[in-house]
Every structure is written in C-alpha cells, then in structure tokens.
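Worksheet: the structure to be examined is printed underneath.
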Amino acid sequence: MKKLANIFLAGIIIISLSGCSWNDPESVANDGVFRIAMVPDMGGVNDQSFNQSALEGLYELRDETGAQISYVESKQFSDFALNLDKLADGPSDLIIGVGNVLSDAIEEVSARNLDKNFAIVDYSFGEDIANNVTGIVFRAQEGAFLVGYIAGMTTKTNKVGFVGGIKNVIIDQFQYGFEAGVLYASKERKVPIKVINQYAESFADAAKGKAIASRMYSDGCDIVFHAAGGVGYGVIEAAKESGKFVIGVDRDQSYLAPDNVLTSSVKNVGTAVKLVAKELMNGNKIGGKNYEFGLSEHCVGIPENHKNMPEFVYNKALTLSKQVETGQITVPYDEESFENYKSSIDN
Amino acid sequence: MLSSIISIVNTTLMYSAPLIFGAMSGVVSENAGVVNVGIEGIMTFGAFVGAAVGFYTQDPWLGLLSGSLAGVILAVLHALASVSFKADQTISGMALNFIGPGLSLFLCRLLFNNKTTTTRVANKLPKIFNVVDVSVLLALLITIFLWFILYKTKWGLRIRSVGEHPAAADTLGINVTKVRYMSVIISGLLAGAGGAAMTLGVVSQFTPTAISGQGFIALAAVIFGKWTPQGAYGACLLFAVAQALSVTFGGGRIDIPSEFLSMLPYVLTIVVLILFVGRSMAPSANGKPYKKGKR
C-alpha cells in the first residue's frame with residue numbers, strides 16, 4: 001500500500017514538472033505560410049507584462065499578414081532550451097525567446113540549428129552575435145526619463161523614490177533614466193529634488209516592496225517609481241494605503257490603482273517584435289544584428305491616460321519626448337553616462 | 001529617528017503575520033508526528049482562493065475563511081497519503097508544493113479571463129486603529145491559543161503523545177490516525193489562512209509570486225522555535241525584525257551594499273540559532289508513519 005502511494009505521488013510530481021502547455025504548429029512546411037514561434041520566460045504569456053505584450057504584437061502581425069503564431073510555455077528554467085529545441089525541429093521560420101533569462105538557451109540552441117532564425121528580447125549579444133540570431137533591446141531609459149520628468153514636475157515634497165528589483169543593466173536603464181528626468185525637471189523648476197534609490201534584491205517579494213515604499217512615503221517622498229516585477233504589486237499597494245502617487249512600469253498599470261498611478265514607463269515589446277518579424281517576412285536579413293528600440297520607434301513611452309497630472313506637465317513631457325526622438329537630448333542608461341549627463345546639464 | 005522606529009515596527013508586524021500562520025501550521029502537524037513541508041504550496045492555494053472569493057463576494061472575511069478551507073483540501077491529500085497510506089511524508093509534502101501553485105494558476109486562468117493574476121479585491125481585511133493589519137492580532141491570538149491547547153489541555157497531550165510515541169498512545173486507547181488527521185487538517189487551515197492574509201491584507205490580489213518563500217521560512221521557524229508555538233512565534237518575529245532593519249536602513253541610508261543588507265535576515269537567523277538556541281529536539285515520532293503493532 002505504501003509503495004503504491006509513493007508511486008502515485010512520484011507520478012504527480014513528474015506530471016506537474018513536465019506540465020507545460022504546447023501549441024503544436026502544423027508540421028507541414030513549404031506552404032508559403034510564415035511561422036513564428038515564441039518561448040516566454042517564467043511569467044508565461046498572460047503575465048500582463050512584457051510576455052503578453054510580445055504575444056499581442058505577434059497576434060497583430062497574424063491579423064495583418066496571415067502569419068502563423070504559436071508559443072510554448074516553460075515550467076522551469078531548464079525547460080527553455082528544451083522548448084526552443086522542440087520548436088527548432090518544427091517548421092517555424094522565426095523563433096523568439098522573450099526575456100534575457102533565455103539568452104543562454106538561445107545561444108545554445110541557435111548554434112545547433114543554423115538553418116533557423118532566432119531572436120531574443122531584452123538581450124544583446126553585442127559583436128559576438130551569431131549569424132542566425134537577432135537581439136532586440138530597448139532604450140527603456142527614454143521612457144523612464146519622461147516619467148522622471150513628470151515626477152519632478154508633480155512632486156510637492158521635492159523628494160521622490162525609485163524601487164528596483166535586482167540591479168542589472170535593464171533595471172539600470174530605468175533607474176538612471178528616471179534620475180535624469182527628475183534632474184531635468186529640477187533644473188527647469190530651479191529647486192533641488194532628491195531621489196532615493198532602494199533595491200528589494202528580489203523580483204517576487206511583494207511584502208518587501210510594500211515595506212520599502214511605505215518607508216519612502218513616510219520619509220517624505222510623494223511619488224515612487226518601481227521597476228521590480230512582482231515586488232511592484234507591494235509598491236502600488238503602499239501608494240494606495242498612503243494615498244500617494246506611484247509610477248508603473250512595462251505597461252499602463254493604472255488599472256491597478258486608478259487614483260494613485262501617476263503614469264507608467266511603458267515598454268511595447270509587441271511593437272518591437274512585430275517590426276523585427278516583418279523585416280524577416282519582407283525578405284531582409286535580420287540575423288547577426290542587434291536592434292535597438294526607443295521613443296522614436298514608439299516602443300517605449302508613456303500612456304495617453306494622464307488624469308492624475310496637470311495638463312501642462314503632460315504636454316511638456318510630449319515636447320520632451322520629441323526632443324529625445326530627434327537626438328537633442330541623449331538619455332543616460334548607466335552610472336557612467338549619468339555622471340556625464342549630470343556634468344553636462346550643470347554647465 | 002522616530003520615523004525609523006515606526007517603520008521598523010510596522011514592517012516587522014506586516015512581514016511576520018503570514019509567517020506566523022505558516023509556522024503555527026507546521027507546529028500543529030509536526031507535534032502530531034507528521035512533517036509538513038508543503039506549507040508553501042498550501043499557502044499559495046489559500047492565497048489564490050482567498051483573493052478570488054474576496055473579489056467575487058466583496059467580503060474579505062469570507063475570503064479568509066475560504067482560503068483556510070482551501071488549505072484544508074490540500075491538507076487532506078497530505079493526510080491521506082502520509083497517514084492512511086503511510087507514504088513518505090516529505091515526498092507528499094513536496095507534492096503539495098507543486099500542486100498548490102499549479103492548481104492556483106490553472107483556476108486563476110479559468111476564472112479571470114486567462115490572466116495569471118486575480119482582479120483586486122474591493123475590500124481588504126481591516127486594520128486595527130488604521131495602522132496594524134488585523135492578521136497580526138489574529139496570528140498572536142492563534143499562537144496563544146495553540147500554546148494553551150498543546151500544553152494545558154488533554155487534547156494537546158494527545159497530540160504530543162501521538163508525535164512522541166504513537167504506539168504507547170495507541171495502547172492507551174488514543175486513535176492515532178484520527179489525532180493525526182485532525183492535526184494535519186488544522187495545519188492546512190492555518191497555512192491557508194496565512195496565504196489569504198497575504199493576498200487580502202498585505203497586498204490585495206493574487207499574483208504568481210504572492211507567496212515567495214514564506215512557507216519555507218515558516219518551516220525553518222518551527223525548527224528554530226524547537227517545535228513550540230511560542231518559540232516559532234519568536235523566530236518569525238526575529239526574521240521579520242531583521243527584514244525590517246534591512247528595509248529601514250537600505251536605500252543608501254547607511255553605507256552598506258544593498259546585497260549584504262538583504263542577507264541580514266538569513267545571517268541573523270543562523271547566528272542566533274548557533275549562539276542562543278542550542279540543541280533542538282524534534283518530536284520523536286516526527287516524520288514516521290505509524291503502523292499498528294510495529295515496534
């Protein structure tokens with residue numbers, strides 16, 4: 001009896017480990033249909049964040065061109081390569097990994113499948129990029145710059161906060177872009193504005209996000225910007241409880257707290273993925289290149305919804321956006337470029 | 001200075017409440033001799049059901065109740081496997097850690113338009129004097145109640161005797177299976193409530209990362225607290241204080257890298273464990289399925 005129960009339990013574990021959804025693309029190729037397959041990161045395709053955005057972009061492409069879309073979700077990190085391999089064995093013309101956690105898997109699988117095109121979102125292989133791989137990266141600092149400017153123009157206490165998940169190049173873009181925007185507003189208003197940066201060292205712990213943001217609010221910050229994934233739910237909760245403003249990330253997060261979300265630093269992964277896929281569909285070579293998308297490609301930015309800020313601030317942010325697009329303002333993305341920016345603006 | 005102290009106290013209380021529920025869940029079941037490593041999974045399921053029911057009924061108390069009952073459902077599975085079928089308790093507990101999140105996400109997508117997060121609840125659990133979550137008070141009351149039951153009543157004696165020496169308890173006419181079932185069910189009730197306290201108190205919706213390790217920390221707190229309710233309560237508070245310190249003094253307020261500050265809760269726990277807690281003794285029959293007539 002005991003043995004039987006053990007076997008039963010082991011079975012449950014095995015089933016739940018291997019339980020990944022699998023939308024099988026039809027295995028007949030050479031029918032003129034362009035096929036795109038996508039592997040989202042652990043968030044899955046309904047993460048209400050960038051995986052979902054990527055899939056929505058692909059669905060738009062399908063509706064416009066008749067391309068066939070499929071995706072495979074992963075249950076754990078080790079499934080990434082496995083799922084990419086599965087797709088590479090199928091008839092897909094382009095296989096997209098969403099999220100920089102897939103970079104190793106893409107590198108590995110693309111080396112085995114030189115006849116297939118691969119793309120990765122949020123990661124650049126730089127100069128060493130393989131001939132069949134395309135990097136898709138964002139100038140997220142440009143969106144963060146705009147929300148930083150809005151925060152700097154809206155703050156009454158002249159103190160704002162930034163909550164990061166775990167420090168990396170992507171989160172740096174948000175932090176330094178935001179700080180640059182705040183600084184820009186502070187020069188315009190001719191008052192010093194303090195930015196408090198704090199990292200949760202997690203992308204999951206909502207309680208910690210809430211604690212950090214509550215601390216910032218009680219410390220005198222009246223606006224907090226977060227780029228911290230699941231930690232952000234706690235940050236938004238703290239804003240709601242304290243009746244203060246919060247700035248969302250990746251998509252318009254105002255649906256989470258309509259009266260407290262000032263604006264959001266949006267990253268339209270879908271638009272970028274669509275642009276890259278279209279290039280390939282039009283017969284252009286995309287392999288071996290890294291594409292960078294920002295305000296000028298409408299891949300980052302702020303949502304139209306701006307009911308919590310004065311009209312003139314929103315309009316000024318749009319003007320600023322144009323200046324970034326035309327290259328009049330170059331937004332810093334890491335500590336070094338931020339220091340340079342600071343000294344250039346001081347003069 | 002004052003604002004730092006307030007921040008530390010607030011964060012400690014907020015952080016500790018779900019942990020304490022989880023730890024009490026472990027205390028009950030392990031005192032009856034059933035190891036429950038599935039607290040994390042049960043908490044996740046409780047968090048989902050609590051948030052979902054809280055959203056549909058707009059009543060957070062009903063949500064909390066449903067979250068607890070959801071915990072019971074998973075706990076019954078655990079009891080079935082580990083008490084009735086005498087399976088390895090660690091394995092069946094681990095199974096819960098897969099079933100809990102899996103089932104939550106599956107049901108979430110089913111009920112919430114294919115999304116992995118629930119819609120925010122309209123009403124959260126109330127706060128006492130508008131400052132402290134009501135779950136903080138509940139956690140304290142449950143700890144006191146549990147201490148009273150375990151050490152001052154005959155039911156408590158039965159639970160502990162079943163965990164120490166089930167054969168002796170059986171000879172004296174105690175129904176070992178029944179006592180263990182009851183304990184595991186109460187364990188599920190508490191863990192489910194802990195999860196719901198997270199999604200109805202700390203935040204106000206279920207997300208895939210709503211429970212991120214709290215169940216495992218609670219499990220450690222049980223051992224740290226030597227399997228007593230009061231000890232485990234203290235362990236949870238200690239962990240939460242350390243977390244609060246790292247939050248309050250993080251963000252460049254003192255000159256220690258954020259990574260090191262974030263290690264504080266774990267490092268402090270290990271240091272206190274080594275220096276002050278000393279040898280901890282698990283209930284003798286903890287983790288061993290009871291077979292009648294076996295010596």
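By convention in this document, chain letters (A, B, ...) are assigned in the order of the sequence lines, proteins followed by strands, and residues within each chain are numbered from 1.
Chain B forms more heavy-atom pairs under 4.5 Å with one residue of A/M216, A/R215, A/E241, A/K240 than with any other, namely A/R215. Counting heavy-atom pairs closer than 4.5 Å to chain B, the top-ranked of the candidates A/G209, A/G230, A/A207, A/S202 is A/A207. Between chain B and the residues A/I196, A/D205, A/D219, A/V231, the most heavy-atom pairs under 4.5 angstrom are made by A/D205.
At a 4.5 Å heavy-atom cutoff, the contact between B/S4 and chain A is made by backbone and side-chain atoms alike. Residue A/I166: no heavy atom, backbone or side chain, is found under 4.5 Å from chain B. Of the atoms belonging to B/S7, it is side-chain heavy atoms, and not backbone ones, that fall under 4.5 Å from chain A. Contacts of B/S3 with chain A are made by both backbone and side-chain atoms, with heavy-atom separations under 4.5 Å. For a residue to count as touching a neighbouring chain, one of its non-hydrogen atoms must lie under 4.5 Å from one of that chain's; by this rule B/S212 touches chain A with the side chain only. Only the side chain of B/Q243 comes within less than 4.5 Å of a heavy atom in chain A; its backbone stays farther off. Residue B/S82 does not touch chain A at all, counting heavy-atom pairs closer than 4.5 Å.
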- Task: Determine, step by step, whether B/T177 and B/Y290 satisfy the side chain to side chain donor-acceptor pair (under 3.5 Å) criterion, reporting the C-alpha distance in whole Å, the side-chain angles of both residues, the deciding distance to 0.1 Å, and the verdict.
- Result: CA-CA 8 Å; B/T177 308; B/Y290 173 62; over 6 Å; no

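Salt bridge A/D222/A/K159: absent, no basic N to carboxylate O contact under 4.0 Å. Salt-bridge formation is detected for the pair B/K124/A/E237: a Lys NZ or Arg NE/NH1/NH2 atom is positioned less than 4.0 Å from an Asp or Glu carboxylate oxygen.
For B/F55 and B/F112, the ring centers are positioned less than 6.0 Å apart. Aromatic rings from A/F162 and A/F225 are positioned such that their centres are separated by under 6.0 Å. Between A/F338 and A/Y333, a ring centre-to-centre spacing not shorter than 6.0 Å is recorded.
Within residues 196-206 of chain B, the residues that have a heavy atom under 4.5 Å from a heavy atom of chain A are B/M198, B/G201, B/V202, B/V203, B/S204, B/Q205, listed by number.
The closest donor-acceptor contact from the side chain of A/D79 to the backbone of A/L82 lies at 3.5 Å or more, if one exists at all. At distances below 3.5 Å, at least one donor-acceptor pair connects side-chain atoms of B/T269 with backbone N or O atoms of B/P265. Remark: side-chain polar atoms of A/D252 are paired, donor with acceptor, to backbone N or O of A/S254 under 3.5 angstrom.
Counting only heavy atoms from C-beta outward, the side chains of A/F50 and A/D41 approach each other to under 4.5 Å. Residues A/Y217 and A/V246 are in side-chain contact: their nearest non-hydrogen atoms beyond the backbone lie under 4.5 Å apart.
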